Amino acid sequence: MLWSKLFIPTLRETPAEAEVASHQLLLRAGYIRQLSAGIYSYLFLAQRALLKIQKIVREEMDAIGGQEMYLPALNPAETWQESGRWDIMGDNMFRLKDRFGRDLCLGMTHEEVMTTIARGELRSYKQLPQIWYQIQTKFRDEPRPKSGLLRVRQFIMKDSYTFDMDQAGLDLAYDKHYQAYCRIFERCGLQYMIVEAHSGAMGGSQSHEFMVKSDAGEDFVAVCGSCGYSANLEKAAATPSVPAISDPEGDLSPEEFPTPGRKTIAEVAAFTGLPETSQMKSLVLVADGKPVLVLLRGDHQLSETKFGAVANDPEYRPAHPEEIREWFGAEAGSLGPVGVKNMPILADQALVGRRNMIAGANKDDYHLRNVTLGEDFQAEIHDLRQVAAGDVCACCGGVLDVVKTVEVGHIFKLGYKYSDSMGLRVLNAEGKEVTPIMGSYGIGIERILTCAIELYHDKDGMILPASIAPFDVVVTPANNADQAQMGAARKIYESCLALGLDAILDDRDERPGVKFKDADLIGPPYRIVVGKKLATGMVELVERKTKKTSDVPVAGAAAEVKARL
RNA sequence: CGGGCCGUGGCGCAGCCUGGCUAGCGCGCUUGCUUGGGGUGCAAGAGGUCCCGAGUUCAAAUCUCGGCGGCCCGACCA
């Protein structure tokens with residue numbers, strides 16, 4: 001293609017609204033333009049890159065026996081009411097009414113529609129297993145769209161769904177997807193990691209996320225440098241670090257002491273001269289409409305996900321100050337477990353085995369010393385704390401790190417959640433009616449592009465992996481006015497095409513500097529510069545990643561690019 | 001849902017506090033010449049409801065109130 005004929009609106013300056021590198025470069029390189037918050041138009045270059053990504057995804061999905069479909073994005077309310085997600089999705093779902101006043105929504109994912117198809121058509125175990133997928137636009141009314149294409153309200157997703165007769169079948173389907181996803185992210189050139197994940201509102205048992213490490217991300221992942229254990233922070237488990245000082249020995253009784261004005265863990269630590277690890281942190285939460293007292297080691301944080309799961313109410317809330325006053329007779333800064341009878345007490349397992357700790361006295365401005373779990377009060381023990389950097393890996397004893405990541409793929413074993421609630425039944429070999437087991441698997445197409453840019457760029461622009469770059473090579477005549485250069489450039493460009501390369505000829509009447517800058521910006525892995533050395537029969541082959549230049553003969557230039565890709 | 005910032009030709013900004021000519025600057029765009037290896041130089045041009053509405057005033061980009069839109073932090077998020 002001829003650059004002079006294309007619409008590639010590059011920007012010399014970075015638009016003020018773009019914060020993260022991928023967003024800035026997508027705008028500057030003329031890939032995207034914003035239409036509204038979290039809604040973007042994909043221009044020519046973006047569309048080319050996204051199509052290349054989709055091609056890779058299709059090839060790998062087809063390779064595991066996936067059958068591509070295309071489902072409606074516009075869904076009737078009933079479909080979502082059947083699974084119960086019409087209510088669960090809340091404000092995150094775009095909703096609208098048709099002319100007759102019927103409720104509709106824009107699909108966020110397609111478990112319901114896929115299950116609707118399946119229950120209408122699948123009759124026999126002979127028809128299973130099935131792997132169905134689509135590449136389609138999804139809609140989510142994010143409370144806060146941000147970071148360019150990283151968090152948007154409309155995006156393209158590859159989503160697949162599997163139907164199997166039994167757990168073993170699901171395990172196999174899950175494993176096929178796991179392997180296919182590895183190949184997809186591999187081929188797209190991403191450095192990724194696979195982490196154990198929390199299955200959230202999707203329901204289901206096992207789940208893995210495919211994450212790309214990036215400061216632009218919003219998901220935190222705990223990783224062990226020694227054994228490779230990695231898990232989403234929502235779910236990660238680890239052995240807590242050893243307390244800063246050991247506990248006082250002996251079977252001591254709780255003893256009240258004044259702590260005037262000291263409310264926070266840090267203030268009490270400073271006042272008593274004892275580290276935060278010697279304290280019990282008391283949180284009052286309201287789950288399922290009922291109060292719960294949660295105890296953690298002073299320096300630990302509550303994992304909202306873990307608590308939500310234990311309390312069986314992901315919608316729980318912190319208690320209001322008035323409620324705390326009513327239930328405890330003290331303010332939040334002076335709460336503790338001793339003497340609490342009117343609500344269940346949940347303690348984090350890091351408190352097991354500890355003795356004689358500091359806790360609030362349930363009396364303003366007083367704390368207790370010598371409080372011991374199991375002796376001075378009883379509690380249910382759970383893993384409730386959020387893993388932190390520096391914790392000890394539960395698998396190997398190594399040190400855990402916590403890194404920021406972007407989620408590019410997620411696979412779930414759904415189990416029977418949808419097939420059961422929506423009435424998908426088939427007959428097994430014995431002629432008995434059984435419920436197939438399902439899995440669902442997603443990939444964010446734009447996120448692959450965005451992560452690639454986050455991962456691979458420099459001050460001059462994108463350095464895209466060849467497999468997803470909109471072009472393999474750009475041919476740049478240094479001086480347009482020079483007929484010999486233009487002619488040679490044209491010939492090289494044509495040889496590239498003949499070799500099956502995605503080539504672009506920068507035939508614009510621009511200064512060489514402008515052409516070089518633009519080529520660097522939009523990210524093709526190679527550039528062939530036809531310049532003064534043409535007189536000696538040579539052109540320059542420049543590798544975008546390293547900016548390394550090598551002289552190659554005119555006649556062999558195209559082949560050399562082909563060989564290097 | 002809490003907190004902060006912003007809205008002035010396509011892009012980046014100044015002007016606003018302290019109201020007053022035809023609203024500026026850089027980049028980009030058009031035309032001509034020039035130049036031709038990292039955003040060339042010169043010249044001449046085109047392009048603006050100063051986000052919208054109401055109010056104050058002789059006079060509003062500027063002050064007041066209301067609204068809309070965008071960005072960022074937190075909460076939230078398959």
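Reminder, nothing fancy here: chain letters follow the sequence lines and each chain counts from 1. Just so it is clear, the model here is predicted, and its values are computed rather than measured. Because only heavy atoms are used, hydrogens play no part in the values below, and waters and symmetry mates are left out as well, while side chains stay in.
At the heavy-atom level, A:Ser147 lies under 4.0 Å from the strands shown only through sugar-phosphate atoms. A:Met93 comes within 4.0 angstrom of no nucleic acid atom, judged by non-hydrogen atoms across all strands. Nucleic acid contact class of A:Glu209 (heavy atoms, under 4.0 Å, all strands): none. Within 4.0 Å of A:Pro145, counting heavy atoms only, lie sugar-phosphate atoms of the nucleic acid but no base atom. A:Pro143 comes within 4.0 angstrom of a base, heavy atoms only. Within 4.0 Å (heavy atoms only), A:Phe220 reaches no atom of the nucleic acid at all.
Judged as a salt bridge (Lys or Arg N to Asp or Glu O under 4.0 Å), and not counting sequence neighbours, the contacts of A:Lys533 are A:Glu540, A:Asp551.
Going from atom CZ of A:Phe7 over to atom P of B:rC29 covers 13 Å, rounded to whole Å. One interatomic measurement links the two molecules: CG of A:Asn92 to P of B:rA75, which rounds to 16 Å at whole-angstrom precision. For A:Leu27 and B:rG28, the CG to P distance is 19 Å, given to the nearest whole Å. In this structure, A:Glu142 atom CD and B:rA75 atom C1' are separated by 13 Å, rounded to whole Å. One can place CG of A:Leu25 at 16 Å from C1' of B:rC11, the figure rounded to the nearest angstrom. For A:Glu19 and B:rC5, the CD to P distance is 16 Å, given to the nearest whole Å. Between the NZ atom of A:Lys146 and the C1' atom of B:rC5 there is a distance of 16 Å, given to the nearest Å. Look at CG on A:Leu35: it is 13 Å from P on B:rG69, rounded to the nearest Å.
Rounded to whole Å, the P atom of B:rC63 lies 15 Å from the corresponding atom of B:rC5. Nucleotides B:rC11 and B:rG28, compared at atom C1', are 7 Å apart to the nearest Å. Rounded to whole Å, the separation between the P atoms of B:rU31 and B:rA54 comes to 41 Å. Rounded to the nearest Å, the gap between the P atom of B:rC17 and that of B:rC21 is 13 Å. Taking the C1' atoms as reference points, B:rG47 lies 24 Å from B:rG41, given to the whole Å. Atom name C1', nucleotides B:rU62 and B:rU57: the rounded distance is 13 Å, in whole Å. Only the P atoms considered, B:rA61 is 24 Å distant from B:rG69, to the nearest whole Å. Separating the C1' atom of B:rA14 from that of B:rG24 is a span of 7 Å, rounded to the nearest Å.
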>> For nucleotides 35-40 of chain B, give me one character per nucleotide, 5' to 3': B if any protein heavy atom sits under 4.0 Å from the base, S if the only such contacts are to the sugar-phosphate, - if neither.
In response: BBBBBB
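Of the side-chain N and O atoms in A:Gln34, one or more sit less than 4.0 angstrom from OP1 or OP2 of B:rC71. When the side-chain nitrogen and oxygen atoms of A:Thr14 are compared with OP1 and OP2 of B:rC11, none of them lie within a distance under 4.0 Å. Side-chain N/O atoms of A:Arg144 include none lying less than 4.0 angstrom from OP1 or OP2 on B:rA75.
Although no hydrogens or angles enter the test, the distance criterion places a donor-acceptor pair under 3.5 Å between the side chain of A:Arg95 and the main chain of A:Gly90. A donor-acceptor pair under 3.5 Å links the side-chain atoms of A:Asp458 to the main chain of A:Gly461, judged by distance alone. Formation of a donor-acceptor pair under 3.5 Å by the A:Gln47 side chain with backbone atoms of A:Leu43 is not found in this model. Under a 3.5 Å cut-off, the side chain of A:Gln34 and the backbone N or O of A:Ser36 do form a donor-acceptor pair.
A donor-acceptor contact closer than 3.5 angstrom is absent between the side chains of A:Asp506 and A:Thr476.
Comparing A:Ala16 and A:Ala37 along RNA chain B, the residue whose closest nucleotide (by nearest heavy atom) sits nearer the 5' end is A:Ala16. Projected onto RNA chain B by closest heavy-atom contact, A:His23 and A:Glu304 fall at different nucleotides, the more 5' of which corresponds to A:His23.
In this structure, A:Phe185 and A:Tyr192 have tilted ring planes: the angle between them lies in the 30° to 60° band.
For B:rC1, the paired base is B:rG74 (Watson-Crick or G-U wobble, both distances below 3.5 Å). B:rC25 is paired with B:rG12 under the criterion used here, namely a Watson-Crick or G-U wobble arrangement in which both key atom distances are under 3.5 Å. Base pairing of B:rG69: its partner is B:rC6, meeting the Watson-Crick or G-U wobble criterion (both donor-acceptor distances under 3.5 Å). Base pairing of B:rA43 is made with B:rU31, judged by Watson-Crick or G-U wobble geometry with both donor-acceptor distances under 3.5 Å. Applying the Watson-Crick and G-U wobble criteria (two distances, each under 3.5 Å), B:rU49 pairs with nothing in any strand. Across all strands shown, B:rG38 has no partner, as no Watson-Crick or G-U wobble contact with both distances under 3.5 Å is found.
Seen from the ring of A:Tyr174, A:Lys413 counts as a face-on cation partner, given the 6.0 Å and 45° thresholds.
A:Met211 pairs in a side-chain contact (heavy atoms from CB on, under 4.5 Å) with only one of the listed residues (A:Ile194, A:Val408, A:Asn232), which is A:Asn232. When the options A:His110, A:His410, A:His177 are evaluated for a ring pair (Phe, Tyr, Trp, His ring centres under 6.0 Å) with A:Tyr441, the one that passes is A:His177.
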